There are 2 protein chains.
Amino acid sequence: MKVAIVDDDPLVRMGLRAIVGSEDGWDVVGEAGDGVDAVALAERERPDIMLMDVRMPGMDGLTATREIIARGIATRVLVLTTFEVDEYVFDAMRSGASGFVLKRIPPADLIESIRVVALGESLLFPSSTRAVIERFASRGLQRLPELTEREEDVLRALARGRSNGEIAADLFVSVETVKSHVASILMKLGVRDRTQAVIAAYESGFVAPGEVSEA
Amino acid sequence: MKVAIVDDDPLVRMGLRAIVGSEDGWDVVGEAGDGVDAVALAERERPDIMLMDVRMPGMDGLTATREIIARGIATRVLVLTTFEVDEYVFDAMRSGASGFVLKRIPPADLIESIRVVALGESLLFPSSTRAVIERFASRGLQRLPELTEREEDVLRALARGRSNGEIAADLFVSVETVKSHVASILMKLGVRDRTQAVIAAYESGFVAPGEVSEA
DNA sequence: CATCGTCTCCCCCGGGAGGGGGAAGGGTTC
DNA sequence: GAACCCTTCCCCCTCCCGGGGGAGACGATG
């Protein structure tokens, strides 16, 4: 298995090389000290996995990850950072990384993490997982007021960008009915217009990105 | 440490009890076979951690988890299921569970998972982590068209539910300017109205739930 | 049986939103 | 300097949206 190491600190690179090199069948195919070099390295060597630092001079690791993914390179990226900044985690996930661990991870666990990621699975450091779950769960905290069944139907339709007329057609009722439902939704949610209602729907977790049914 | 076991299958409960009981200082304080009993058990015994099955007769495990969290019980819930259904994972995260693992996890890893969750951290099964990351990353895939800096400002304002007039005041420009920006945003995104633009902003990851600045 | 809430439908009305067009100044690029 | 884009502003117009009011039918709840 071909492993690439990206970190601006030569000492860290040496340490990682020592850990990775100790495994049978694992081969460090290159090192890079910044994002630009990392992309070039991935392009040239096509490693199976790349250990990627976040904070680096010039192009950072997350931008480099995005670039590698965008170029269609099959290298899987395991982000390895010193700092436990939640935003790093979310950005890393969005950038297409397959894992996120802190450098203070024990070497044995790092080996295991690399193995998991190389198998096509993904993995997050436990405290990062907590942050991710909390972001998911936090939406439930600012709960929506109690809506009737019909109102929920209408709100779901609103969250799909439907107009009153379209919702009426969808639900086989008149536009006036839809308007009255919308009015009570706006009142219950304490918002001004349908746009704010949709925002409330997203923020409360009533609808979540990615679960929109295009139908 | 007090551990509670919830599963509708007595055999599974016995197996879990055997695994948990083998650890020094861990004590199984109760078992439940459905969600209602699980909530009562949590209320009564206040265990440190509860191993929770999803599919059970009557109240399911995720509903029970939501109920336990809603009652302010400090028990941390580790969801344990046979089926790798992605929706289970997202629902579990939303319900407030601290972890999600499959029953086919090796006993040693389960012990370790319980330990991690008991420490206040969280944890997901590797393939579930992949599903979560993919949902995060998928937003980046359906990227928004290139917007100008000003248009991004306006779209952010739209995603906060601001009207044209409010946006004009925010950005110190006239309403007409805002309208022309909104018009070009709608055209670029290929949507009909501001509501659909906000939906596109959420679905593309341009804005994410929880990062709304109320300012 | 009376009451309440939900769902359905209707009227009028004002204002914001969106579509169409145009135009000026400033910046970059060639 | 010409072409182009971005940003800013203006006009006209249409129409959907949202606010106000009201009302009948149905089921549940008391």
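Below, chain A is the first sequence line, B the second, and so on; all start at residue 1. What you are looking at is a predicted structure, and each value in this text was computed from that prediction instead of being measured.
- Using a 4.0 Å heavy-atom cutoff across all strands shown, B:Thr177 reaches at least one base atom of the nucleic acid.
- For the pair B:Glu45 and B:Lys2, the salt-bridge criterion is not met [side-chain N within less than 4.0 Å of a carboxylate O].
- Nucleic acid contact class of A:Ser174 (heavy atoms, under 4.0 Å, all strands): sugar-phosphate only.
- Using a cutoff of 4.0 Å between basic side-chain nitrogens and carboxylate oxygens, B:Arg192 and A:Glu166 are scored as salt-bridged.
- Within 4.0 Å of A:Val182, counting heavy atoms only, lie sugar-phosphate atoms of the nucleic acid but no base atom.
- Note: CD (A:Glu149) to P (D:dC26) measures 19 Å, nearest angstrom.
- Between the CG atom of B:Asp153 and the P atom of D:dT7 there is a distance of 8 Å, given to the nearest Å.
- A 6.0 Å sphere centred on CZ of A:Arg55 holds no more than 12 heavy atoms belonging to other residues, nucleotides or ligands.
- Along DNA chain D, the nucleotide nearest B:Lys179 and the nucleotide nearest B:Phe172 are compared for position; the residue whose nucleotide lies closer to the 5' end is B:Phe172.
- One distance of note links CG of B:Leu155 with CG of B:Leu189; it measures 6.5 Å at 0.5 Å rounding.
- The CD atom of A:Glu176 sits 18 Å away from the P atom of D:dG22 (whole-angstrom rounding).
- Among D:dT8, D:dG18, D:dC10, the nucleotide with an atom closest to any side-chain atom of A:Asn164 is D:dG18.
- In this structure, A:Arg150 atom CZ and D:dC26 atom P are separated by 17 Å, rounded to whole Å.
- The local environment of CE in A:Met14 is sparse, with at most 12 non-hydrogen atoms from other residues, nucleotides or ligands closer than 6.0 Å.
- Looking only at side-chain heavy atoms (C-beta outward), B:Leu62 and B:Arg94 stay at 4.5 Å or farther from each other.
- The outermost nucleotides of DNA chain C lying under 4.0 Å from heavy atoms of chain A, listed 5' to 3', are C:dT6 to C:dC10.
- As rounded to whole Å, 14 Å separates atom C1' of D:dC17 from atom CD of B:Gln196.
- A:Ile73 has its side chain within reach of A:Glu43: a pair of non-hydrogen atoms, C-beta onward, lies under 4.5 Å apart.
- Whole-Å rounding puts the A:His181 NE2 to D:dC17 P distance at 15 Å.
- Nearest-nucleotide mapping onto DNA chain C: of B:Ser180 and B:Val191, the residue sitting toward the 5' end is B:Val191.
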